2 protein chains.
Amino acid sequence: MTQELFARYSFLLDRTARKVKQYAQQQFKQGEFEVTVDQWLVLKNLSENGLMSQTELANLVFKDHPTLTRIIDLLCKKGYVERIPHPQDRRSFQVHLTQSGLAKVAELKPKVLEIREKAWENLNETDFEEFKRILNTIYQNLDGQTIDD
Amino acid sequence: MTQELFARYSFLLDRTARKVKQYAQQQFKQGEFEVTVDQWLVLKNLSENGLMSQTELANLVFKDHPTLTRIIDLLCKKGYVERIPHPQDRRSFQVHLTQSGLAKVAELKPKVLEIREKAWENLNETDFEEFKRILNTIYQNLDGQTIDD
DNA sequence: TACCAATTGTTAGTATGACAAATATATGAA
DNA sequence: TTCATATATTTGTCATACTAACAATTGGTA
């Protein structure tokens, strides 16, 4: 029975994901990036996609609404992001980067790529494709929905 | 340049790890397991290793000391675990499962394995070995220390 | 038009995670 | 013995995740 063996994936997955986030966060802190890893994810997606409602943004970064609300709150406080009332729908906001936010993204983008690269020492592109395939298969197995890429 | 490509691993990894925990937690709730996924990890390791100090336990499950203190607090409240003063070292506790905790582990163990299995649909043992190898390589790249398994 | 279900975003509560600092105790060196 | 240092655990703070409940608004439909 390989059941016991397979069950260890959740432990290794969780441990590695935490290590990846922790490592990046430490580098962010050391480089005085002034944002968290999750805040960076939101900034990056805003810079690539422009004006978006919070719901659209939440779907893009796969975070739930309450979490996104708080991240946006923090990014607003820091002056990187603004909420604009939606012209047609008064329930909704459109979120966008400020000048300061745009500058922050431009400044951090290359630095983040460099930080992310460290994890792939001793691994190649085939490993990456395998890794992506397995991660996405697991995600789909538990999600029941189709995902892209 | 494959830098941009590689950088996506962190997003996929984080997303999948969250999905795995979320799925398990939902099943735990639906089955009225009365513990969280992280609390289960601690119970399981206690059942496999017997009496341990909190520091030993923290190293085993790769959680930091404050996090473990709080998880133990909750498990004590639920009556699954007890702190026993260490006979030689008055700074330290030895943590162990109560009768109720032992019964809980026995009850949940097969159910958890079943829940964990779901993620591996459409994947085989080779995939698992690859996955484990890549996860551990990433961990080591960012940790700088040797790990077992 | 009036109603009602669905949608958008927020708030609150609990758990976890990372990190810093505090407390109590232990240990080794002078 | 005494003091500096190390270790075990706890406490505090901030950020994130998930759930549930809520307010405001929208849109379809009777």
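Quick note on labels: first sequence line is chain A, next is B, and so on, each numbered from 1. All values derive from a computational prediction rather than experimental measurement.
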Going by heavy atoms closer than 4.0 Å, what residues in residues 24-56 of chain A are next to DNA chain D? T36(A), D38(A), Q39(A)
Do any of residues 74-90 of chain A sit with a heavy atom less than 4.0 Å from DNA chain D, and if so which? L74(A), Q88(A), D89(A), R90(A)
Of all pairs that satisfy salt bridge (Lys or Arg N to Asp or Glu O under 4.0 Å), the ones with a partner from residues 70-79 of chain A, not counting sequence neighbours: D73(A)-R83(A)
Selection residues 54-64 of chain A - residue pairs positive for salt bridge (Lys or Arg N to Asp or Glu O under 4.0 Å), sequence neighbours left out: D38(A)-K63(A)
Non-neighbouring partners of K109(B) that pass salt bridge (charged side-chain N to carboxylate O under 4.0 Å, His left out), sequence neighbours left out: E48(B)
Could you work out, with salt bridge (charged side-chain N to carboxylate O under 4.0 Å, His left out) as the rule, every residue matching E34(B), not counting sequence neighbours? K104(B)
Identify, with sequence neighbours excluded, every residue that meets side chain to side chain contact (heavy atoms under 4.5 Å, CB included) alongside [X].
X      : value
H86(A) : Q88(A), D89(A), S92(A), Q94(A)
Q25(B) : F28(B), T36(B), V37(B)
K29(B) : none

Going through the checks in order, is the side-chain contact (heavy atoms from CB on, under 4.5 Å) test met by F131(A) and D127(A)? CA-CA 6 Å; F131(A) 190 56; D127(A) 294 327; 5.9 Å; no
Earliest and latest nucleotide of DNA chain C, 5' to 3', sitting under 4.0 Å from a non-hydrogen atom of chain B? dA15(C) to dA26(C)
Would you say E114(A) has more than 12 foreign heavy atoms packed within less than 6.0 Å of its CD? no
For the atom pair CG (L102(B)) and CG (L46(B)), what is the distance rounded to the nearest 0.5 Å? 9.5 Å
What about W40(A) and F33(A), are their ring centers closer than 6.0 Å? no
Using a heavy-atom cut-off of under 4.0 Å over every strand shown, decide if [X] touches base, sugar-phosphate, or nothing.
X      : value
T69(B) : base
R18(B) : sugar-phosphate
I71(B) : sugar-phosphate

Result for 5'-nearest mapping on DNA chain C, choosing between K19(A) and D73(A), is D73(A)
Specify the residue among R91(A) and P66(B) whose closest nucleotide of DNA chain C lies further upstream toward the 5′ end. R91(A)
Chain A contact limits on DNA chain D, taken 5' to 3' with a cut-off of 4.0 angstrom to heavy atoms: dA15(D) to dT26(D)
I84(B): hydrophobic cluster co-members (side-chain, 4.5 Å): L51(B)
Derivation of the side-chain contact (heavy atoms from CB on, under 4.5 Å) call for L13(B) and L13(A): CA-CA 8 Å; L13(B) 180 58; L13(A) 180 58; 3.5 Å; yes
